[in-house]
Amino acid sequence: MGIFRSETMKHGTLVLPSDRAREYLDCIGKQVDIQFVDMNEKTMKRQYKKYIQRIDDMERILRFLEENINKLPNVKIKKSKIENFLEHDNIYELDQVEESLNRLYVQFVRFCNNNKDLINERNNAVEEMNVIITAMNQLNPDASKTSIINTKAGRDKSLPFVEPVNEENAFLSSSMVRDGINMMFTNISGVIKTKDQESFSRTVFRALRGNSYTYFQNITNSVEIINTSLSNNNGNVNKSNISNNGDGSNGGNNNNGGGDNSHTYNISYTANKSGNRGSDEENINELKSVFVVYCQGSAQSSIYEKIMKICKAYDVKTYDWPKSYDLAKKRLKELIEIIDDKEKALRAYEEYFVNEIIVLINVVEPNKNSLIEEWKLFCKKERSIYNNLNCFEGSDITLRCDCWYSANDEEKIRHLLINKSSNDLVSALLLSDKVLTPNISPPTYIKTNEFTKTCQAMVDTYGVPRYGEINPAISTIITFPFLFGIMYGDVGHGFCLFMFALFLIVINNKVKNKSNNDMLRMLLDGRYLLLLMGFFAIYVGFLYNDFFCYTVKFIYIYV
């Protein structure tokens, strides 16, 4: 019937050997359009549901990998070349693709967990390093004097710059350290969020009834972890990434009994190029403060337990307070080495992972899809095949299913089945019904081409014609552009639309397989309809004597 009416349809039964049913459907689906009737509609027995579940897991992994690949900078997945994929889709097998995807997924999950552990360990080392610097300021009462000498005459470059403290706080800290020799004092130190600093100090003061002293270190450290400058060479720090921007002012708080400072330090973690570190870190650009609580009593006293409960309530991480300046200096060197080692491990593991992921981005062949896109198309094709196989019924030897197909394609289907089953013990058959059952209405099947498919889709939006009816899309090819021309009649605007449609026709073959923009695809599919719309707009524009509106009216009056 062509495009004027729907194709003449025939009803039959397709019989396939169960062990190669998937291969037969794959071969038929590439060559012929065929519609299967669900034979298991009442029993809901799906023989291939396990394959569907496997494909669901594969597609989930593909989505997961694609989301993370898109986070990588300067990475582009080549896709949408379906015709090229169907030319060599037989090189992929479900078991092999599933195994490769599971292996990559396990590696990526392991990378994320390992990356998260390394980042947590590095962050803890950075926080403890700032606690040690605070301890060095308090355990060295002459820091305010020696810091000036170190700045001018040169200091030990193996240690970061220790912030000078004023004389009042130096005297207070040193006196408390000296008194701690004769009195049983306990130091509890850690890191707390700046926004919880006031509340924490007030809670400690009230819980201990003023028998404590809370000290907050006024250091501002900007630690760039990713663009790292921590490198250890024989125990010496070549580049210190601890920059001291504070002014060293703090004072006692008479209301809460603690020394509260005017500023805190900031640990700023910058996301790396792959975008994985930034997503795992909790303290991105978050201000934190080093605190020290001095209280009388031992580590087994009730006061110590109260402070630890308060720290736990505020989600505070506590760190050991060094007993002497030399121990603090030694521990600081150890922490710098730990941070450097963690950074090296993070970079090495990330480079290894990126090298593994880059395989998915590379194209299989020149001007073809990326490997991950090939796997996505393969999963879509396999899902379609197994969804149709679930419509079949039968035994372990053969499967059968009723189907509808065009009468013009009957011989082609038989020829495909004969060629495919030439070497099989069980042959595939197509059993055609000589007479259609009166109560069954055949489906409407209208073949389209590049020129008619847009108008056919527009007509099908309102309603699909019944079997054997005249196809209204044929008249729509002319009437729709003509009515548009009546509404939009203008020679100038119509000419612009006509040239734009010609431009789409020229670039169609170059752009359709490269662009992923849905709007551009829609314009390319309707390029011939836009061409007719521009033509009729020009034609009716001459009848209206209208050329870019006011311009033609002026010429008309002048003439």
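Values below: all heavy atoms of this structure, side chains included; hydrogens, waters and symmetry mates excluded.
Other residues, nucleotides and ligands place no more than 12 heavy atoms under 6.0 Å from the CG atom of D320. For I507, the CD1 atom is densely surrounded, since the number of other residues' heavy atoms within 6.0 Å is greater than 12. For F64, the CZ atom sits in a packed shell: over 12 heavy atoms of surrounding residues, nucleotides or ligands are nearer than 6.0 Å.
Judged by distance alone, the side chains of T13 and D402 do bring a donor and an acceptor atom under 3.5 Å apart. Between the side chains of Y405 and Q35, no donor-acceptor pair is found at a separation under 3.5 Å.
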Checklist entry - Would D33 and K447 satisfy salt bridge (Lys or Arg N to Asp or Glu O under 4.0 Å), going step by step from the backbone distance to the final call? => result CA-CA 10 Å; D33 293 329; K447 290 186 177 181; over 6 Å; no
Checklist entry - Can you list the steps and then say if R521 with D525 is a salt bridge (Lys or Arg N to Asp or Glu O under 4.0 Å)? => result CA-CA 6 Å; R521 288 182 181 180; D525 291 338; over 6 Å; no
Next on the checklist: Go through it in stages, so that I can follow the logic: the residues are Y467 and M9, the test is side-chain contact (heavy atoms from CB on, under 4.5 Å), and I'd like the CA-CA distance, side-chain angles, deciding distance and then a yes or no.
Outcome noted: CA-CA 9 Å; Y467 177 73; M9 304 298 292; 3.6 Å; yes
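Electrostatic pairing of R527 and E450 counts as a salt bridge here, judged by a charged N lying under 4.0 Å from a carboxylate O. Ion pairing of R63 with E66 is absent here, as no side-chain N (NZ or NE/NH1/NH2) approaches a carboxylate O to less than 4.0 Å. Taking 4.0 Å as the cut-off between side-chain N and carboxylate O, K381 and D26 count as a salt-bridged pair. Salt-bridge formation is not detected for the pair R347/E351: no Lys NZ or Arg NE/NH1/NH2 atom is positioned less than 4.0 Å from an Asp or Glu carboxylate oxygen.
The shortest heavy-atom contact between L416 and C27 is CD2-SG, 4.1 Å.
Side-chain N or O atoms of S199 include none that pairs as donor or acceptor with a backbone N or O of D196 at under 3.5 Å. For N449 (side chain) and T452 (main-chain N/O), a donor-acceptor pair under 3.5 Å exists by modelled atom type. Remark: side-chain polar atoms of E469 are paired, donor with acceptor, to backbone N or O of R466 under 3.5 angstrom. For the pair R400 (side chain) and E393 (backbone), a donor-acceptor distance under 3.5 Å is absent. Side-chain N or O atoms of R414 include one that pairs as donor or acceptor with a backbone N or O of L430 at under 3.5 Å.
Annotation: the span from E7 atom CD to T444 atom OG1 amounts to 11.5 Å, rounded to 0.5 Å.
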Which pairs of donor and acceptor atoms, one on a side chain in residues 99-108, lie under 3.5 Å apart (sequence neighbours left out)?
unit_1: S100; atom_1: OG; unit_2: Q96; atom_2: O; d: 3.1
unit_1: N102; atom_1: ND2; unit_2: E98; atom_2: O; d: 3.1

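Ring-centre distance between Y51 and Y48: below the 6.0 Å cut-off. Note: F85 and F378 fail the aromatic proximity criterion, with ring centroids not under 6.0 Å apart.
D56 meets the salt bridge (Lys or Arg N to Asp or Glu O under 4.0 Å) test with R383; sequence neighbours excluded.
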